[in-house]
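Everything below concerns the one structure shown next.
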Amino acid sequence: MTDKVIVLGGGIVGLSCAFEAAGRGYKVTVVETGKPGGQASGAAAGMLAPYSENTEQPDAFFRLCLDSLRRYPQWLEEIEEASGRRIERIPSGSLNIVYHEADLSPLRTRLLWQNRFGAEAEIVEGSRLRELEPLLSPNVEAALYCPRESHVYAPDLVSALEDACRSRGIHIADHCGAVTDVRLTSAPGVTVSTEARGDIAGDRLVVCTGAWTGALGRWFGLHFPVHPIRGQICAYELPVGVVRHMVFSPQAYWTSKGNGTLVCGASEDVAGFDTAVTEKGIGRLVRSGPKAFPFLADKPLIHRWAGLRPATRDGWPLLGQLAEAPHVVIAAGHYRNGILLSPATGASVADLLDGKADRTELAPFSPGRFTLALAGGLPV
Ligand code: GLY
């Protein structure tokens with residue numbers, strides 16, 4: 001008999017897990033409090049930038065990010081085929097800019113180790129830099145150019161993925177309201193109680209509740225230190241091609257979308273679950289604009305918004321089964337890399353459901369790691 005899988009959370013991570021699980025033959029229901037993609041996924045800048053987001057060392061997290069980047073083309077093809085929609089992926093490459101020669105030294109160190117992992121990066125300056133990105137300010141001294149990074153338009157990707165899930169026969173139970181109870185049985189089985197849609201029962205549970213995952217630990221007697229970090233973000237109207245690359249400065253990043261907007265992000269605020277934008281948060285981004293791109297000095301914003309990144313205490317996601325209840329898989333806490341990590345997360349979760357996951361590779365992301373550290377193995 002086919003196992004019924006309940007995926008809790010309809011953001012990009014939940015939908016990716018559902019899509020892959022359904023592709024492997026599971027009968028899947030996605031339980032979503034509100035609208036699929038209505039939180040961090042829909043608010044994201046959509047950068048597929050493992051090199052720019054991981055600047056320290058080639059650790060397990062960096063390798064997971066690279067693995068996910070490698071999976072992206074095939075994954076997008078599958079979503080396009082299942083949804084009948086085209087998904088924009090812009091292979092822009094990225095420029096990490098610096099304003100002072102002294103700041104080049106960390107970029108050179110990065111280049112050395114990241115090129116061993118396929119970055120094909122180089123330091124660019126002078127006329128070569130201006131050829132690549134003509135409207136950069138003369139104040140920009142140099143940049144690390146990484147041609148392998150790209151970006152997607154996250155709201156469209158999530159919406160196509162939702163369509164793709166439906167076409168694979170996944171039931172998306174949206175607008176369920178709050179989850180009021182999660183009961184595990186030894187059968188094994190699971191029942192999720194929701195405010196608006198009552199009880200939903202299945203055999204396995206995949207928890208993909210993003211920034212809200214911290215509160216779910218109580219159903220399992222575990223401690224999941226996931227907390228929301230608000231990212232405020234804004235956009236200018238700008239024809240495609242004026243800014244050619246994803247440009248990262250020490251204060252902000254800019255990425256030009258196919259819909260004629262230049263997206264500028266993002267703050268990192270501790271503000272609980274408040275998704276309001278503030279003058280302070282957006283003002284900082286706006287002020288950083290003309291330093292990199294002088295033409296932004298008198299450009300009005302056309303849009304501003306915010307999303308809640310799910311941050312874990314060590315910055316790495318929770319990805320694995322619960323030792324005490326192996327029919328529960330956690331896939332949460334992707335922090336700044338939810339869009340990038342979705343294909344690898346979906347594949348790992350489906351491998352875990354199939355009982356063929358590489359446990360050594362996933363060990364660093366064990367969802368039990370904080371509980372063990374805090375209480376010598378006892379739930380806290
Ligand atoms: N990945 C970009 C951000 O989190 O702002």
Side-chain angles (χ1 to χ4, degrees), residues 11-13 16 37-56 61-62 64-66 68-69 72 89-90 92-97 110 114 144 146 148-158 210-213 226-236 243 245-257 261-271 273-278 280-286 288-289 292 301 303-312 314-317 332-345:
I12 191 164
V13 172
S16 307
Q39 296 292 344
S41 320
M47 291 177 302
L48 308 180
Y51 302 104
S52 297
E53 292 279 8
N54 295 275
T55 56
E56 300 296 323
F61 180 63
F62 171 71
L64 185 70
C65 290
L66 273 196
S68 211
L69 183 69
Y72 239 89
R89 180 184 184 203
I90 299 185
S92 60
S94 65
L95 290 167
N96 282 253
I97 59 172
R110 240 178 83 181
Q114 291 193 338
L144 180 66
C146 185
R148 309 269 301 148
E149 299 195 318
S150 56
H151 60 99
V152 290
Y153 185 58
D156 282 355
L157 169 57
V158 181
W212 286 263
T213 305
V226 182
H227 56 277
I229 296 290
R230 182 173 63 189
Q232 298 186 52
I233 194 160
C234 55
Y236 306 86
V243 171
H245 300 84
M246 287 184 286
V247 175
F248 294 85
S249 84
Q251 294 82 27
Y253 56 74
W254 299 268
T255 166
S256 176
K257 298 294 179 187
T261 60
L262 179 71
V263 169
C264 171
S267 67
E268 290 194 339
D269 319 324
V270 178
F273 289 90
D274 184 0
T275 53
V277 290
T278 65
K280 189 174 165 208
I282 297 292
R284 222 172 140 243
L285 298 174
V286 169
S288 68
L301 291 179
H303 195 25
R304 52 191 92 195
W305 66 100
L308 300 176
R309 303 182 188 89
T312 59
D314 59 9
W316 289 13
H334 292 68
Y335 192 38
R336 297 179 62 94
N337 290 285
I339 306 290
L340 170 64
L341 285 172
S342 286
T345 302

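In listed order, ligands and their atoms are each counted from 1. Just so it is clear, the structure is predicted and the values come from calculations on it, not from any experiment. If you read the sequence from its start, that first residue is 1, and numbering goes on from there.
Thr261 and His303 share no donor-acceptor pair across their side chains, judged by distance under 3.5 Å alone. A donor-acceptor contact under 3.5 angstrom links the side chains of Arg89 and Ser150, judged on distance only. Side-chain atoms of Ser94 and Glu149 include a donor-acceptor pair closer than 3.5 Å.
Contacts of Ser92 classified as side chain to side chain donor-acceptor pair (under 3.5 Å), with partners at least two apart in sequence or in another chain: none. Listed by chain and residue number, nothing satisfies the side chain to side chain donor-acceptor pair (under 3.5 Å) test with Asp274 (two or more places apart in sequence, or in another chain).
Note on residues 261-270: pairs passing salt bridge (Lys or Arg N to Asp or Glu O under 4.0 Å), not counting sequence neighbours, are Arg230-Asp269, Glu268-Arg336.
If you look at ligand 1, the protein residues with a non-hydrogen atom under 4.0 Å away are Met47, Glu53, Tyr253, Ala266, Arg309, Arg336.
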